[in-house]
Amino acid sequence: MTLRFRNTLGGALEPFEPLVAGRVGIYSCGPTVYAPAHVGNFRSFVFADLLRRYLAWSGFQVRWVMNITDVDDKIIRGAVAEGVTIGQLADRYTERFLDDLDRLRIARPDVMPRATEHIPQMVALIERLLASGHAYRTDDGSIFFRIASWPAYGRLARLDPTQQRVGERVEADEYGKDDVRDFALWKGPRAGEPSWSTSIGEGRPGWHIECSAMSIEYLGPSFDLHTGGIDLIFPHHEDEIAQSEAATGKPFVRTWLHCAHLQMRGEKMSKRTGDFSRPTDIYERGYSSRVLRYALLAAHYRASLDFSEAALASAASAVERLSTCLQALDGYRQDRRADASLDGLLTETRSAFRQALDDDLNIAPALAAVFEFVREINRRVAERTLSTEDAASAAALLRELDQVLAVVEDDAVAPDDEVDRLLAERAKARAARDWARADALRVRLAALDVIVEDTADGQRSRRAKELARG
RNA sequence: GGCGACGUACCCAAGUGGUUAAGGGGGAGGUCUGCAAAACCUCUAUUCACCGGUUCGAAUCCGGUCGUCGCCUCCA
């Protein structure tokens, strides 16, 4: 089976064929850096990261671009409220965002362009739209895209523009548009707002144009994959398509992938309702970042996912099961003949994993393949039927699959002399069959959040950090 | 009102025409272990929201009903 994706544009499951064989260009709509992003936002970034990792694992050379929106209404409002510049506010939350990405093991995109550093590219696009009659100016210096000039408008969202409930949901016309459905490419200058002096006049860019300008700049006028949350389909991505294709005359994006919402208590997690969590809130509750990653990753990207304490607890147990297996393999020593059936198991597992993810990133059967492998390996570890080399091969497969999942490998633990000393003492006590002393040391280690377990391969320790404490 | 997604065990969730309905979590019992933990084994849906229909056969196809969520405005 070959790799297939459900394309939002048209809704069909399509075989994936990159424009250039062996190479993939991905653009992901990134954050607006006016505040720390919440867990719902990160669901879509974890999804994009899974996509990127899986494509890379499958042998594609991937170029991943994610924008940083560092000028918009909310940033301007926030900067004014704090008495800082929009640059200062945006820098602060960009740093915060990058930290959040790192902790969630979302590998940094290859390019993270900022809107304010690409004004010339946006202006160039707008000039072409003005020249071709797809855009028009209004009295205040704003420039709008004329939807009536683009018959394909609404194809992505399967929305008939004439059916929009004008007046009820569509904002009243502030800028003197010809048609209320037309969207801003450029916003004329206003007192107290940042403004750029350009060939199309004074002002600042609209939201949609930045993604067109920056994706075209780094991936070309036509590229393979574009991701975002389901809420960006309309109007954001619809507008991107219209303005990009109208400006370049070329088909914009081949495949659009949209991630469903993270829900909280049955409703979309959003800052607006106040019902949301940030990653740091989850960490403070005692869950590690890879538990959070697992919780966001374990459901199919197109299915809405309810974010709850139960989901996190379940993720914590699952993650612990995976890393315990890896740890057991790393510590395993057995001088014996190789397990003749191991190669077959490794091949079957890799194949089932690939087959699942090839099917529109169907994560559940992919994880099932991993867990079935773990159960089988745990059985062989317990029965001591693996050789030391077999254990290393099994561990290597887990690590290989974890290049895609990034949840199995435990975070490196900072060395701790006190813990090391207690562990060594306990090992000595056990060797001397001094059970009372060994048990006392185990209790002391537990107080330091270190769980000690005894196995056929000796004492094993791990941090008690995946589960909520208290 | 228009458009879209969805309803499978205690929870999450795969499965889109045909042998025993994946997997994870949780729970119950057991094995192993100095003890503990981890791990392993067994059990935990004669049934897939409901009602009709098509078919030799449906969780899977068709029609209807009920319910949930999202988009149509800024939003991941």
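A, B, ... follow the sequence lines: proteins, then strands. Residue 1 opens every chain. All figures in this text were calculated on a predicted structure; none of them were measured in a lab. Atom set for the values below is all heavy atoms of this structure, side chains included, hydrogens, waters and symmetry mates excluded.
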Determine the interatomic distance between C1' on B/A21 and the same-named atom on B/U46; round to the nearest Å.
11 Å
May I ask you to say what A/Gln263 touches in the nucleic acid, namely base, sugar-phosphate or nothing, with a heavy-atom cut-off under 4.0 Å?
sugar-phosphate
Select base, sugar-phosphate, or nothing to describe what A/Leu305 touches, counting heavy atoms under 4.0 Å on all strands.
nothing
Under 4.0 Å from OP1 or OP2 of B/G15: is there any side-chain N or O of A/Asn362 that close?
yes
Does A/Pro235 reach a base, just sugar-phosphate, or nothing at all? Heavy atoms under 4.0 Å.
sugar-phosphate
Rounding to the closest angstrom, what is the interatomic distance between B/G29 and B/U19 at atom C1'?
30 Å
Nearest to side-chain heavy atoms of A/Leu159, which nucleotide of B/G24, B/G15, B/G2
B/G2
Using the six-membered ring wherever Trp is involved, compare the ring planes of A/Phe183 and A/Tyr153 and label them parallel, tilted or perpendicular (cut-offs 30° and 60°).
parallel
Stacking between A/Phe371 and the base of B/G23 (centre distance under 5.5 Å, interplanar angle under 30°)?
no
Once hydrogens and angles are ignored, does a donor-acceptor distance under 3.5 Å link the base of B/C12 to the side chain of A/Asp306?
no
In whole Å, measure the gap between the P atoms of B/U20 and B/A13 for me.
27 Å
Indicate the ring-plane relationship of A/Phe16 and A/Phe5, choosing parallel, tilted or perpendicular according to the 30° and 60° boundaries.
perpendicular
What's A/Thr324 touching, base or sugar-phosphate or nothing? Going by heavy atoms closer than 4.0 Å.
sugar-phosphate
Just to confirm, is there a sub-4.0 Å distance from OP1 or OP2 of B/G4 to any side-chain nitrogen or oxygen of A/Arg6?
no
Could you walk me through whether A/Phe42 and A/Phe97 satisfy the ring-ring contact (aromatic ring centres under 6.0 Å, His included) test, starting with their C-alpha distance in whole Å, then the side-chain angles of each, then the deciding distance to 0.1 Å, before giving a yes or no?
CA-CA 10 Å; A/Phe42 283 107; A/Phe97 180 71; 5.6 Å; yes
Describe the nucleic acid contact of A/Ala298 in one word from base, sugar-phosphate, nothing, applying a heavy-atom distance below 4.0 Å.
nothing
With respect to the phosphate group of B/G23, does any side-chain polar atom (N or O) of A/Arg375 fall under 4.0 Å of OP1 or OP2?
yes
Check every strand shown and say whether A/Gly228 touches a base, only sugar-phosphate, or nothing at a heavy-atom separation below 4.0 Å.
sugar-phosphate
Under the 3.5 Å rule, do the base of B/C35 and the side chain of A/Arg442 count as making a donor-acceptor pair?
yes
Sort by first number and list every stem of RNA chain B: at least 3 consecutive Watson-Crick or G-U wobble pairs, both distances under 3.5 Å.
B:1-7 with B:66-72, B:10-12 with B:23-25, B:26-31 with B:39-44, B:49-53 with B:61-65
Is the backbone N or O of A/Asp457 less than 3.5 Å from a side-chain atom of A/Thr455, with the two atoms forming a donor-acceptor pair by type?
yes
Any A/Thr227 side-chain N or O less than 4.0 Å from OP1/OP2 of B/A76:
no
Would a line drawn from the ring center of A/His258 to the ring center of A/His237 be shorter than 6.0 Å?
yes
B/G4 and B/C62: how far apart are their P atoms, nearest whole angstrom?
14 Å
At 4.0 Å (heavy atoms only), tell me whether A/Gly11 reaches a base, stays on the sugar-phosphate, or touches nothing.
nothing
Using 30° and 60° as the class limits, which term best fits the ring planes of A/His236 and A/His208: parallel, tilted or perpendicular?
tilted
Atom pairs and distances, donor-acceptor, side-chain atoms in residues 396-409 of chain A, under 3.5 Å, two or more places apart:
residue	atom	partner	partner atom	Å
A/Arg399	NE	A/Glu409	OE1	2.6
A/Arg399	NH1	A/Asp330	OD1	3.3
A/Arg399	NH2	A/Asp330	OD2	2.7
A/Arg399	NH2	A/Glu409	OE2	3.2
A/Glu400	OE1	A/Arg350	NE	3.3
A/Glu400	OE1	A/Arg350	NH2	3.1
A/Glu400	OE2	A/Trp57	NE1	3.4
A/Glu400	OE2	A/Arg350	NE	3.1
A/Asp402	OD1	A/Ala406	N	3.0
A/Asp402	OD1	A/Val407	N	2.7
A/Asp402	OD1	A/Val408	N	2.8
A/Asp402	OD2	A/Val408	N	3.3
A/Asp402	OD2	A/Glu409	N	3.0

Say we look at B/G27 and B/A14: how far apart would their C1' atoms be, to the nearest angstrom?
22 Å
Would you state whether a donor and an acceptor, one from the side chain of A/Asp439 and one from the base of B/G34, lie under 3.5 Å apart?
yes
Taking any heavy-atom pair under 4.0 Å as a contact, classify A/Arg272: base, sugar-phosphate, or nothing.
base
Nearest-angstrom distance, P atom, B/G23 to B/U44
13 Å
Would you call A/Arg108 and A/Asp102 a salt bridge, taking side-chain N to carboxylate O under 4.0 Å as the test?
yes
